[in-house]
Amino acid sequence: MIGYLVRRVGGAVLVLFGLSLLLYGLFYLAPSDPAILTCGKGCTPERLAEVRHALGVDDPVATQYAHFVRGLVAGRDYPAGPATRHCPAPCLGYSFETDQPVTRLLLDRLPVSASLALGAEVLALTAGIGAGVLSGLRRYRWLDRIVNGLVLAGYAVPVFLVGLLLLLLFCVQLQWLPFPSYVPLTTDPLAWARNLLLPWVALAVIQTAAYARLTRAGIQETLAEDHIRTARAYGLPERRIIWRRALRGALLPLVTLTAIDLAAIMTSAVLTETMFGLPGVGQLLVGAVNQIDLPVVVGVTLLAGLLIVAANTVADLLYRAVDPRVELR
Amino acid sequence: MTVLRRLRGDRGFLAGSVVALLMVLVAVVAPLLAAAAGQDYTNYHDNLLDSARGGVPLGRFGGMSADHWLGVEPGTGRDLFARVVYGARVSLGVAVGATMLQVLFGVLVGTAAGLGGRWADAALTRVVDLVLAVPSLVLAISLLAIVPPDWPRPLLLAAVIAVLGWGGTARITRGETLSLRTRDYVAAARLSGAGWFRIARREIAPGLAAPVLTYAALLLPTNMIAEAGLSFLGVGVRPPTPSWGQMLSTATTWFRADPMYVAVPGGLLFLTLLAFVLVANGLRRALDPRQSEVLR
């Protein structure tokens, strides 16, 4: 168990280093110079050299990368005019564009992305399991059809298209909801939920279909097993059989899937955030990308990688916890 | 041929393939279609816009008329019909290109892992796991932003989507290869002195065709969504080259005043995606009847 964790974390660290190295390498190869952008119009060569030095892009790429890694592990000092400023570990540097520490930028934006992902996942799980159970028990044929249709459509509708249609319907035509703008949960929980409702639905549509299909398959499979027949033979009430036995077997695979999906949703929320104008990590990335703001781009990518690796590890552990037959390698 | 008979009886598949073929045709003959309409996708028509309302097309339904079959673009007045048929080129071209590259990488790596020794398999599986674990959308955005803007954009899009998305094909190919290599006919070929390359080509490849085809059919719409999404975020094809995703991104600022500008590219994108998904679903059911369920 401990050996497994050590191996897993070691592998994760390697992946993250690989990712950051790749970005640094490509960025160095690309001819775009962030110093020119930062320096702005009427830039003299002397001023440009100063900016280069302040940004730390006048060193060879290997040195730059070494500085970056040292900052991440132990923190580093940046020249800021005559003085220096200290950036404590884990230091991802300062944004070329806004001169703020990347770690702060990420932490500021994380609650928005987390709200979005968590809400969408809860919505998708509730609706998906509900529809899956009902359709698994073969009570309603029309529900079966809707679930099937949604699974197909889920592959065919990009999230931003769903978002646009939702906005058009609920904010323009019916005017039931305001145009989404982020309100922190701690300020006003009701406004938080009202504003995030449409983004949640947009993100949850595809996930719902996937969960419904999985639950249905799980329920049908479990109901065909011997222990269910035995329970029925003992005369246990049907309701109890379904809730206590069938559902448990059907929901096991969902436990691990949820952990992985949560990370996947968070990293793919870029589109939803841009679509609805929510100030999350994804929007930060899209903004940074247009300004070639390398520290921010690297920071967001590393955070996304970290989330995915962490989610996969948690999923493995959960899997092991709910199914003791599984061995961790 | 039972497969053909099954496909012929699948109404979803038939409808899907008709629409999909039509879209491919539209993409191929886009210049002819635009010429037939007497329009091109770069010409501004300021006279068709209502400057008092900030540039919304004059007339009903987004400015539809005998000259502009699907209306004009708000803000610029460019002909929407010409833009969407050229957009089909980008959408389908990038998706097909990316899918072909993914299948190529995936099958090469997957067969090598499946047929190679223990070490080769372990190393390649690691690489595949890594590709599958990478936050692909985030990385695609970063990569496309870093690459110089004057590189050929559609090619680059296809390459980036492919490089980040070949893991699934490789995993499936490896699994199938591992199961195929234990078959008697493969053992017979090995005993009669066939080399690994010959075995891969003559004995393994035919068995891979069906599972790889069904998987690739599903990759195509996924790649189309990826292209549309990246263009939506502004890192896809560069203007003035039109793309459906890019149009929908512009539509986010216009959809209140001009809903047709959402409906035309959005409807086409949805229709095309649905068509390809139906084709993929039909192929899957015909080639692998044990899994009569809808898509995985």
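A, B, ... follow the sequence lines: proteins, then strands. Residue 1 opens every chain.
Using a 4.5 Å cut-off between heavy atoms, B/Leu278 touches chain A through its side chain atoms alone. Proximity to chain B is limited to the side chain of A/Leu161, based on heavy atoms less than 4.5 angstrom apart. Heavy atoms closer than 4.5 Å to chain B are found in both the backbone and the side chain of A/Leu271. Contacts between B/Leu144 and chain A at a heavy-atom distance below 4.5 Å are absent for every atom of the residue. Only the side chain of B/Phe232 comes within contact range of chain A, judged by heavy atoms closer than 4.5 Å. Using a 4.5 Å cut-off between heavy atoms, B/Leu137 touches chain A through its side chain atoms alone. Contact annotation for A/Val286: only side-chain heavy atoms (C-beta onward) come within less than 4.5 Å of a heavy atom of chain B. Contacts between A/Leu214 and chain B at a heavy-atom distance below 4.5 Å are absent for every atom of the residue.
Distance alone, capped at 3.5 Å, places no donor-acceptor pair between the B/Ser243 side chain and the B/Val90 backbone. In terms of modelled atom types and a separation under 3.5 Å, the side chain of B/Trp244 and the main chain of B/Val84 share a donor-acceptor contact. A/Glu273 places a side-chain N or O within 3.5 Å of a backbone atom of A/Gln283 that can act as its donor or acceptor partner. Listed for the B/Arg153 side chain is a donor-acceptor partner under 3.5 Å among the backbone atoms of B/Val235.
For chain A, the option among B/Leu274, B/Leu269, B/Val138 with the highest count of heavy-atom pairs below 4.5 Å is B/Val138. The candidate from A/Val298, A/Leu307, A/Val289 with the greatest count of non-hydrogen atom pairs under 4.5 Å with chain B is A/Val289. The most heavy-atom pairs under 4.5 Å with chain B, out of A/Val297, A/Val270, A/Thr274, come from A/Val270. Ranking B/Thr272, B/Thr252, B/Ile141, B/Val262 against chain A, the residue ahead of the rest is B/Ile141, based on heavy-atom pairs under 4.5 Å.
Taking each heavy atom of A/Val133 and A/Ile219 in turn, the nearest pair found is CG2-CD1, 3.9 Å. Between B/Ala275 and B/Ala20, the closest heavy-atom pair is CB-N, 3.8 Å.
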side-chain contact (heavy atoms from CB on, under 4.5 Å) assessment of B/Leu92 paired with B/Phe276: CA-CA 11 Å; B/Leu92 286 170; B/Phe276 279 105; 3.6 Å; yes
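Considering only heavy atoms from C-beta on, A/Leu174 comes within 4.5 Å of A/Leu169 through its side chain.
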